[in-house]
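Here the structure comes first, spelled out in structure tokens, and everything after it is commentary.
Note that the coordinates shown come from a computational prediction; the quantities given were computed from them, not determined experimentally. Scope of the values below: all heavy atoms of this structure, side chains included, with no hydrogens, waters or symmetry mates.
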Amino acid sequence: MRPPTPAASSGEAAVVDALRRAGTLFRARRYREAADAYGEVVRLRPRLPDAHHNQGVALKAAGHLAEAIACFRRAVRLKPDYLAAQTNLAAALEAKGDVRGGLEHRIDAWRLEPAAHDPREALIRALRRCPYDKPLPAARTALAALQADPDIDQQALSDPAIRLWASHPAIRRGLEAARHGFPGSPAPAGFKPITAFLADDLVLGALCWSIVAHPDMEAWLTRTRHWLLDTAVAGNLGRVDPDWLAAIAVQARASEWVWFETEEERDLLIRLADLQAASVETPHRDLIRAMYLPLETDPKIDALTREAGALPEDDRSPRALLLRRSLLDPREEWRLAEELAPGQVHDAVSRAVRSQYEDNPYPRWLSLSRRPRTTLSRHLGQVLALPSPPQAEDAEPRILIAGCGTGRHALQTALRYENAEVVAIDLSRASLAYGRRMARELGVRNIRFAQADILEMGTYPERFDVIESSGVLHHMDEPIRGWRVLRRLMTPRGLMRLAFYSRRAREPFDEIRSRVPEHGDMTGRVRAAREAVYGLTEGHPARALLRSADFYAASGVRDALLHTQEHTVDPLWIRQALSDMRLRFLGFELPDPAILAEYRRHHPDDPGGLDLENWDTFEVDYPDVFLGMYQFWVQAED
């Protein structure tokens, strides 16, 4: 290699000097000046992608989004596989309101490292935000790949899959027609059932692997089910794609058959049974019946069970999923429930709550996302606004999930932390059995499930570095009594994550409850509650339920609106309880960073969001901010 000419040496020195100056200015938060220094590097080395990218980072930090976007675009043109530039370009476009443009570059970033967690999660968030006002082939390709990934929570993909599919004009018209008059009126003239369209893999995936939280889609599925039953009984069904039928039946099962049905449909079900008893062949009878009733009650259950037992393990077709979830999984759960040692439950309210969750195990879920394992300290640093995370046991934390339900949260916790040992307890054996089966399917071994009432754990010998109890204590007769029991199970300086219903956020639900009979068949009461929600005026706070998967399953509606026991609290109640139990408030775990940003605007003297009296006044102005419960962390002071 020849030594550089003096001119070249001088040029390199100028680049190095500009880079050094830019870095110093950026660290000093003099972002505009740093951008100008990087601009000097760009002038000297116009084909250096890093220079354009770093200038864009400085401009974005200075608030000059349009200029930053131009810099990121130049970096991407020079180096299309530049992951940081693709990611920052996507973020800048999103910040400017160009959601679709941001999504395109989220897809590009994900394609560069499809197995990396951060680009994948950012892509999923972008897919969920996109309006899909027109077809987007790249998004369809990405969604298809994500649906095939067993390490991704398919519930997160359900809504974008449905909305992308509905961007087709014919599909959009079908949804609009189905929605007309729903749920109180029959289908309009000219209604086309969903099965009149080609079975779309994205939609089949959503129906089979999530609870579809989409009111228009529910209307279409409900009306299609009625049409299928009517035409099948009349002998006019014709040719339909069996994958559509099985997927609808799978979704009906996931929702616990909560969809609205008419007297006409109940009569048609009787006639369908009569045809079967008379040995009249009715095409797809078992699938159409399974849209209304559990497959395990089918008269031909023996033949169906043999078919289920012969399924290959890797068969993920809609019919295979229906057979497996209806006939094999419940038997396995029954066996796992029998293995559990019975826990003592003496409290009357606890017994009533246990009965509810034996009938309706909650929550309903089918998949989880696997994230890279982390330490407790790193996780707290990500979810809390503290300048430094609290001291935590990172080596081998012992964690108690007090009230684990069907195990979703408990398994997420077991998968999150390095070297953690998790004990998950619940009142309901049916819920615990579901969690145990899913733990085996997912290969999670660092978790132990047990039946127990929190109130009976006062003499429990173990102590825990972390206790999590989300949405549990407020279903007790005296929430503070259960909280005190958990407090005694903490190690010195131990941590606790809790979630309680907000009194202000829950007030709009009273209007729904007032329209539901206090007694009677639970299915009828659940449907009455759902009809009341559908009947709320636009803008009513409780219509937020229409965006929640809980609203589309019987167990979720019962848990949210018709619970056996419910208390609500406010930040001042939390503050008093923490003082009584010598617990230090570490902050709320907020679903959206914008909430904390708005809080800081109101209370700039409390950037960490640690003053619960301030939060109480903040919630007066924003009563729906804790609609998803107060979720917060505390630490023992001893």
Could you check whether any side-chain heavy atom of [X] comes within less than 4.5 Å of a side-chain heavy atom of [Y], counting everything from C-beta outward?
X	Y	value
Leu486	Leu400	yes
Val466	Thr413	no
Tyr357	Leu427	no
Arg547	Asp159	no
Ile574	Leu498	no
Asp118	Thr87	no
Met438	Trp365	yes
Glu507	Pro623	no

So, [X] and [Y], do they make that salt bridge, N to O below 4.0 Å?
X	Y	result
Asp559	Arg364	no
Arg125	Glu94	no
Glu332	Arg335	yes
Arg504	Asp616	yes
Arg515	Glu511	yes
Glu441	Arg437	yes
Glu538	Arg543	yes

* Sequence neighbours excluded, which residues qualify as side-chain contact (heavy atoms from CB on, under 4.5 Å) partners of Ala433? ->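 With neighbours one apart ignored, the set is Glu333, Leu336, Ala337.
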
* **Pairing residues for Arg575 by the side-chain contact (heavy atoms from CB on, under 4.5 Å) criterion, not counting sequence neighbours** => Leu572, Leu612, Glu613

Counting N and O atoms only, with roles assigned by atom type, does the side chain of [X] sit under 3.5 Å from a partner on the main chain of [Y], one being a donor and the other an acceptor?
X	Y	answer
Thr617	Asn614	yes
Ser428	Ser431	yes
Glu456	Val345	no
Arg106	Ala126	no
Gln147	Leu157	no
Arg163	Cys130	yes
Arg429	Asp426	no
Glu358	Ala430	yes
Arg373	Tyr417	yes

* Verdict with supporting geometry, Ile595 and Tyr622, side chain to side chain contact (heavy atoms under 4.5 Å, CB included) -> CA-CA 10 Å; Ile595 297 172; Tyr622 302 92; over 6 Å; no

Counting only pairs under 3.5 Å, give me each side-chain donor-acceptor contact of residues 389-396, with atom names and distances, residues two or more places apart or in other chains.
from, atom 1, to, atom 2, distance (Å)
Glu393, OE2, Ala395, N, 2.9
Glu393, OE2, Glu396, N, 3.2
Asp394, OD1, Leu376, N, 3.1
Asp394, OD1, Ser377, N, 3.0
Asp394, OD1, Ser377, OG, 3.3
Asp394, OD2, Ser377, OG, 2.7

Give, for atom [atom1] of [X] and atom [atom2] of [Y], the distance between the pair rounded to the nearest 0.5 Å.
X	Y	atom1	atom2	value
Asp550	Leu545	CG	CG	8.5 Å
Leu380	Glu589	CG	CD	8.5 Å
Arg497	Phe632	CZ	CZ	10.0 Å
Arg525	Glu518	CZ	CD	8.0 Å
Ile152	Leu368	CD1	CG	12.5 Å
Trp110	Glu121	CH2	CD	13.0 Å

Going by atom types only, do [X] and [Y] share a side-chain donor-acceptor pair under 3.5 Å?
X	Y	result
Tyr630	Ser502	yes
Glu218	Tyr552	no
Gln576	Asp580	yes
Gln154	Ser367	no

* To do: If a pair satisfies salt bridge (charged side-chain N to carboxylate O under 4.0 Å, His left out) and one of its residues is in residues 413-423, list it, with sequence neighbours excluded.
  => Arg378-Glu418

Against the six-membered ring of [Y], is [X] placed for a cation-pi contact (under 6.0 Å from the centre, within 45° of the normal)?
X	Y	value
Arg436	Phe449	no
Arg325	Trp209	yes
Arg506	Phe626	no

* Check against side chain to side chain contact (heavy atoms under 4.5 Å, CB included), Arg408 and Asp153 -> CA-CA 11 Å; Arg408 177 184 175 84; Asp153 180 6; 2.6 Å; yes

* To do: Determine, step by step, whether Ile512 and Leu536 satisfy the side chain to side chain contact (heavy atoms under 4.5 Å, CB included) criterion, reporting the C-alpha distance in whole Å, the side-chain angles of both residues, the deciding distance to 0.1 Å, and the verdict.
  => CA-CA 9 Å; Ile512 301 168; Leu536 295 172; 4.2 Å; yes

* Asked: Pairs in or reaching into residues 470-481: which pass side-chain hydrogen bond (donor to acceptor under 3.5 Å, both in side chains), with residues at least two apart or in two chains?
  -> His475-His563

* To do: Check step by step if side chain to side chain contact (heavy atoms under 4.5 Å, CB included) holds for Val444 and Val422.
  => CA-CA 10 Å; Val444 184; Val422 177; over 6 Å; no

* Could you label the plane-to-plane angle of the His603 and Tyr599 rings as parallel, tilted or perpendicular, counting under 30° as parallel and over 60° as perpendicular? =>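 His603 vs Tyr599 ring planes: tilted.
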
* Asked: What residues, two or more places apart in sequence or in another chain, satisfy side-chain hydrogen bond (donor to acceptor under 3.5 Å, both in side chains) together with Arg513?
  ->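 side-chain hydrogen bond (donor to acceptor under 3.5 Å, both in side chains) list for Arg513, sorted by chain: Asp510, Glu566.
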
* Should Tyr362 and Tyr434 be marked as a ring-ring contact (aromatic ring centres under 6.0 Å, His included) after you check the CA-CA gap, both sets of side-chain angles, and the distance that decides it? -> CA-CA 10 Å; Tyr362 173 84; Tyr434 189 92; over 10 Å; no

* To do: Measure centre to centre between the rings of Phe500 and Trp483, then say whether the value is under 6.0 Å.
  => yes

